[in-house]
Amino acid sequence: MDGSRSDPAGSQAPRSGEDLRLALRAATMYHLEGATQAEIAVKLGVSRPTAGRLVARARTQGLVTIEINVPDDLQGTVHADVERELEAKFGLTEVLVVSDVIDGTDTGYGSLGRAAATLLSRRLKDRDVLGFTWGPETVAVASSLKTRATKCAAVVQLDGSITSADYQTGVEYTLGRCAAYLQATPIRLNAPLYADQATVVALEQDSVISRALKAGTDADVMMYGIGPVSTSTTLFEGSFIDLDVLDELRRLGAVGEIGGRFYDADGNDTGGSLPGRTVSVGLDAIRACDRAVLVTGGKRKHEALLGALRGGLASILVTDIDSARWLVDRSTSASNGKVSQ
């Protein structure tokens with residue numbers, strides 16, 4: 001007997017009426033009646049793999065069409081098409097787009113925070129270590145944690161925050177609230193963000209600080225915002241950097257920063273005087289994290305956002321619809337997370 005004829009769903013089987021009938025029956029049972037492949041196999045007298053191939057054949061031969069309808073009351077709030085397009089273009093695991101306009105103020109990240117908090121509830125596991133950089137985006141995430149249903153092992157600060165200025169970074173709030181609501185052990189990085197190189201070397205050799213940096217570098221999940229290269233950023237307002245440093249960063253082609261570490265339009269470290277003076281987890285650790293959650297939005301952060309995605313500095317993105325559409329318009333092709341214009 002011809003082996004291709006013994007399997008109604010075999011790749012060599014001709015398109016006969018009986019083959020189509022079986023495929024149609026299998027598809028009806030699977031999609032409309034909720035039957036499993038095992039149940040279909042018993043009902044039709046075929047093997048379980050054949051049942052699966054029959055269901056697949058029904059789709060490939062046009063016997064099945066699937067339509068997804070968004071309810072009228074959710075129109076304009078669900079952006080699945082844009083999310084899928086960005087995932088494909090930038091090689092992202094997941095994109096979550098909110099409809100609110102992000103106004104760029106520290107209090108304007110509420111919707112992003114709520115969306116990111118919901119995402120964390122799906123992504124975090126009991127034994128995970130969650131790392132975060134300080135900033136308004138992560139404060140918004142922390143303030144959106146309302147229940148203790150999600151747990152993780154530890155929460156660790158990824159970047160130093162001590163400054164000579166009277167400036168509130170939100171580190172204690174973010175660390176304390178995340179630790180409390182996620183029932184996790186807090187790990188502080190009690191260090192400045194920037195210091196002279198000799199001090200940085202000494203700090204990295206300190207037993208307590210080195211353990212915090214190691215925990216941050218190895219974190220299972222990282223969440224962070226980004227900053228543009230301008231005077232209207234937390235780093236400038238908190239006196240972490242000055243105009244001379246900004247001028248140097250612009251000459252180097254910097255477009256954004258994560259955890260005090262600056263990168264160019266392709267997401268590459270810009271170098272210069274700052275890297276050796278920085279106390280934070282490096283950008284390579286973020287690239288290596290398979291659950292690196294970038295939470296940001298607003299027009300003034302568009303170039304920084306594009307550079308971060310080009311450089312593979314995120315695997316998961318939470319952003320607003322205007323930023324998402326801007327990214328779609330700017331990008332034309334993708335390969336391994338790198339996008340060209």
Side-chain angles (χ1 to χ4, degrees), residues 79 82-98 102 109 111-113 115-120 122-124 128-138 140-141 156 158-159 174 216-229 254-270 280-328 330-331 333-341:
H79 308 286
V82 175
E83 291 169 348
R84 286 198 308 273
E85 187 167 0
L86 289 178
E87 288 164 4
K89 286 181 179 294
F90 293 98
L92 297 166
T93 301
E94 181 178 357
V95 174
L96 182 52
V97 173
V98 303
I102 306 303
Y109 294 103
S111 60
L112 292 180
T118 300
L119 183 144
L120 285 177
R122 292 188 279 109
R123 295 286 181 178
L124 276 175
D128 284 342
V129 174
L130 170 65
F132 72 94
T133 64
W134 57 266
E137 295 97 329
T138 50
V141 177
V156 58
L158 297 178
D159 49 349
T174 302
T217 299
D218 296 339
D220 303 287
V221 182
M222 298 181 184
M223 68 170 180
Y224 46 91
I226 55 175
V229 182
V255 299
E257 62 83 22
I258 297 172
R261 296 191 180 271
F262 287 82
Y263 54 87
D264 62 20
D266 292 317
N268 300 315
D269 300 61
T270 53
S280 72
V281 168
L283 296 181
D284 284 344
I286 294 175
R287 291 188 184 94
C289 181
D290 62 7
R291 282 176 286 168
V293 184
L294 172 53
V295 184
T296 197
K299 183 177 180 179
R300 69 188 182 95
K301 297 192 178 184
H302 282 177
E303 295 293 342
L305 173 54
L306 180 59
L309 296 183
R310 280 174 165 167
L313 292 170
S315 57
I316 298 170
L317 172 64
V318 181
T319 193
D320 62 286
I321 184 59
D322 287 346
S323 296
R325 286 171 176 157
W326 182 88
L327 287 170
V328 169
R330 289 295 300 271
S331 59
S333 64
S335 176
N336 297 321
K338 305 291 185 179
V339 177
S340 61
Q341 290 180 268

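Predicted, not measured: the structure shown is a model, and the values here were computed from it.
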Between Ala314 and Leu309, which heavy-atom pair has the shortest distance, and what is it?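 The answer is CB-CD2, 4.1 Å.
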Of all heavy-atom pairs between Val82 and Ala324, which one has the smallest distance, and what is that distance?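 That closest heavy-atom pairing would be CG1-CB, 3.6 Å.
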Does the side chain of [X] reach to within under 4.5 Å of the side chain of [Y], using non-hydrogen atoms?
X      : Y      : result
Val293 : Tyr224 : no
Lys299 : Asp322 : no
Lys301 : Glu137 : yes
Ile258 : Tyr263 : yes
Ile286 : Leu294 : no
Leu305 : Leu317 : yes

Partners of [X] by side-chain contact (heavy atoms from CB on, under 4.5 Å), sequence neighbours excluded?
X      : value
Ala288 : none
Asp220 : Asp128, Val129, Arg291
Ala116 : Val141, Val295, Val318
Thr217 : Val281, Ala285

Mind jotting down which residue pairs meet the ring-ring contact (aromatic ring centres under 6.0 Å, His included) criterion with at least one end in residues 292-325? Sequence neighbours excluded, please.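 As it turns out, the ring-ring contact (aromatic ring centres under 6.0 Å, His included) pairs with a partner in residues 292-325, which skip direct neighbours, are His302-Trp326.
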If I take atom [atom1] from residue [X] and atom [atom2] from residue [Y], how far apart are they, to the nearest 0.5 angstrom?
X      : Y      : atom1 : atom2 : value
Cys289 : Asp218 : SG    : CG    : 10.0 Å
Asp269 : Leu283 : CG    : CG    : 4.5 Å
Thr93  : Glu87  : OG1   : CD    : 8.0 Å
Thr138 : Leu112 : OG1   : CG    : 12.0 Å
Ile226 : Leu313 : CD1   : CG    : 9.5 Å
Asp290 : Ile316 : CG    : CD1   : 8.5 Å

Under the salt bridge (Lys or Arg N to Asp or Glu O under 4.0 Å) rule, collect the residues that match up with Arg261, sequence neighbours excluded.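 Counting only residues at least two positions away or on another chain, Arg261 forms no salt bridge (Lys or Arg N to Asp or Glu O under 4.0 Å).
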With sequence neighbours left out, what residues match Glu257 under salt bridge (Lys or Arg N to Asp or Glu O under 4.0 Å)?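 With sequence neighbours excluded, Glu257 shows a salt bridge (Lys or Arg N to Asp or Glu O under 4.0 Å) to no residue whatsoever.
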Under the side chain to side chain donor-acceptor pair (under 3.5 Å) rule, what pairs show up with a residue in residues 311-321, not counting sequence neighbours?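 As it turns out, the side chain to side chain donor-acceptor pair (under 3.5 Å) pairs with a partner in residues 311-321, which skip direct neighbours, are Asp320-Ser323.
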I'd like to check the side-chain hydrogen bond (donor to acceptor under 3.5 Å, both in side chains) partners of Glu303; sequence neighbours left out, ordered by chain and number.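 Once residues adjacent in sequence are excluded, the partners of Glu303 under the side-chain hydrogen bond (donor to acceptor under 3.5 Å, both in side chains) criterion are Arg330.
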